[in-house]
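This report concerns only the one structure given below.
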Amino acid sequence: LEEFKKFLRRESCWVTTEAKKEMEKVKTYLRRLFVDETITVSANDETETFQGAGFVIGYVHSDYKRVVEPRPQMVATIYELVENGTFGQFLAGNPGRWIESQVVKFCHENRDRLRTDGHATFFELEGGFVAYVDLLSGGRPVVSVYRFGADRVWYAEFRNRVVIPQ
């Protein structure tokens with residue numbers, strides 16, 4: 001009866017004590033940027049690659065395999081890292097994944113949204129990888145591809161960005 005009364009008062013109910021403790025531990029790693037804007041990425045024909053688009057290639061994990069499939073136009077949301085964390089921490093629950101040609105499109109169409117001078121814009125890729133894109137001082141993009149499970153901690157003080165497809 002007490003849980004039903006909580007429900008009627010719109011209070012939290014039907015949650016175990018252990019679950020409540022876990023929920024209290026949840027950190028907010030990301031803060032949304034450009035809240036009042038719709039950021040789109042054109043449909044792609046899957047042919048564009050990082051190398052073919054003129055990206056400087058940094059590190060690429062040896063297991064990375066490019067996913068090739070056409071994708072329709074999409075909307076993306078950009079976040080900024082506000083708490084130190086690993087990919088597994090700040091990308092947990094991410095609803096979508098990118099393929100290489102979509103990242104290339106995003107970078108060409110939304111260049112002004114990318115971090116620069118050694119700071120990252122992250123894109124979680126299909127297959128368990130994350131693309132790290134940076135714009136060099138001359139404007140040329142550089143990309144590295146890391147395994148999603150890498151335990152490196154990325155620091156919030158650098159205001160790295162995370163782009164998530166919707």
Side-chain angles (χ1 to χ4, degrees), residues 27-166:
K27 277 190 176 181
T28 301
Y29 289 93
L30 304 173
R31 177 178 59 92
R32 185 171 174 183
L33 302 175
F34 314 110
V35 175
D36 297 328
E37 298 179 41
T38 301
I39 300 166
T40 60
V41 182
S42 299
N44 74 72
D45 61 5
E46 90 243 10
T47 59
E48 289 191 282
T49 64
F50 293 133
Q51 191 167 14
F55 283 58
V56 174
I57 306 298
Y59 169 80
V60 176
H61 192 281
S62 60
D63 291 339
Y64 173 67
K65 303 280 188 276
R66 190 168 78 88
V67 174
V68 179
E69 62 184 47
R71 296 276 175 104
Q73 177 177 318
M74 57 180 277
V75 173
T77 305
I78 302 174
Y79 297 88
E80 182 175 75
L81 194 61
V82 295
E83 287 286 338
N84 300 344
T86 64
F87 294 140
Q89 290 172 317
F90 64 79
L91 291 172
N94 177 5
R97 311 287 181 277
W98 298 85
I99 61 172
E100 189 171 320
S101 57
Q102 286 178 302
V103 175
V104 170
K105 285 271 189 194
F106 180 92
C107 292
H108 285 286
E109 296 173 359
N110 298 283
R111 183 174 293 269
D112 60 327
R113 312 291 182 173
L114 300 173
R115 291 288 285 134
T116 60
D117 299 321
H119 302 295
T121 302
F122 296 115
F123 300 83
E124 186 177 353
L125 300 170
E126 294 281 348
F129 296 91
V130 179
Y132 167 119
V133 177
D134 173 29
L135 283 182
L136 300 173
S137 58
R140 190 167 177 203
V142 61
V143 64
S144 291
V145 178
Y146 298 97
R147 176 157 295 290
F148 178 85
D151 59 0
R152 177 177 178 175
V153 173
W154 299 93
Y155 295 100
E157 69 185 273
F158 299 113
R159 299 177 28 238
N160 294 313
R161 291 184 178 173
V162 177
V163 186
I164 297 177
Q166 301 305 303

Test item: Met74 and Phe106 side chains (from C-beta on) under 4.5 Å apart, heavy atoms: no
Tyr29 vs Val162 side-chain heavy atoms within contact, under 4.5 Å: no
Side-chain (Arg113) to main-chain (Val163) donor-acceptor, under 3.5 angstrom: no
Main-chain N/O of His61 paired to Arg147 side chain as donor or acceptor, under 3.5 Å: no
Smallest separation among heavy atoms of Arg32 and Glu37, with atom names: NH2-O, 4.3 Å
Residue pair Ala120 / Arg115: nearest heavy atoms and the distance that separates them: O-CG, 3.3 Å
Interatomic distance, Phe129 atom CZ to Tyr64 atom OH [nearest 0.5 angstrom]: 8.5 Å
Aromatic contact, Phe90 with Tyr79 (centres under 6.0 Å): no
Parallel, tilted or perpendicular, as decided by the 30° and 60° cut-offs, for the rings of Phe50 and Phe55: tilted
Interatomic distance, Thr121 atom OG1 to Arg159 atom CZ [nearest 0.5 angstrom]: 11.0 Å
Ring geometry between Phe87 and Tyr146 (parallel below 30°, tilted from 30 to 60°, perpendicular above 60°): tilted
Carboxylate-amine/guanidinium proximity below 4.0 Å for Arg97 and Glu126: no
Between CD on residue Glu100 and NZ on residue Lys105, distance to nearest 0.5 Å: 13.5 Å
For Arg161 against Leu33, the heavy-atom pair lying closest together: NE-CD1, 3.5 Å
Note, His108 side chain near Ser42 side chain (heavy atom, < 4.5 Å): no
Tyr132/Phe122 aromatic ring centres below 6.0 Å: yes
Whether Ser101 side chain and Thr47 backbone form a donor-acceptor pair below 3.5 Å: no
Among Val133, Val145, Val41, side chain to side chain contact (heavy atoms under 4.5 Å, CB included) partner for Val103: Val133
Within 6.0 angstrom of Tyr155 OH, more than 12 heavy atoms from elsewhere: no
For the student: nearest non-hydrogen atoms of Pro95 and Pro165, plus distance: CG-O, 4.2 Å
Other residues, nucleotides, ligands: >12 heavy atoms within 6.0 Å of Gln51 CD: no
Heavy-atom pair with the smallest gap, counting every atom of Asp151 and Thr86: O-CG2, 3.6 Å
Pairwise distance CG(Asn44) to CD1(Ile99) - rounded to 0.5 angstrom: 5.0 Å
Non-hydrogen side-chain atoms of Val75 and Ile39 separated by less than 4.5 Å: no
N/O donor-acceptor pair under 3.5 Å between Asn160 side chain and Leu81 backbone: no
Test item: Asp134 side-chain N/O and Val142 main-chain N/O as donor-acceptor pair under 3.5 Å: no
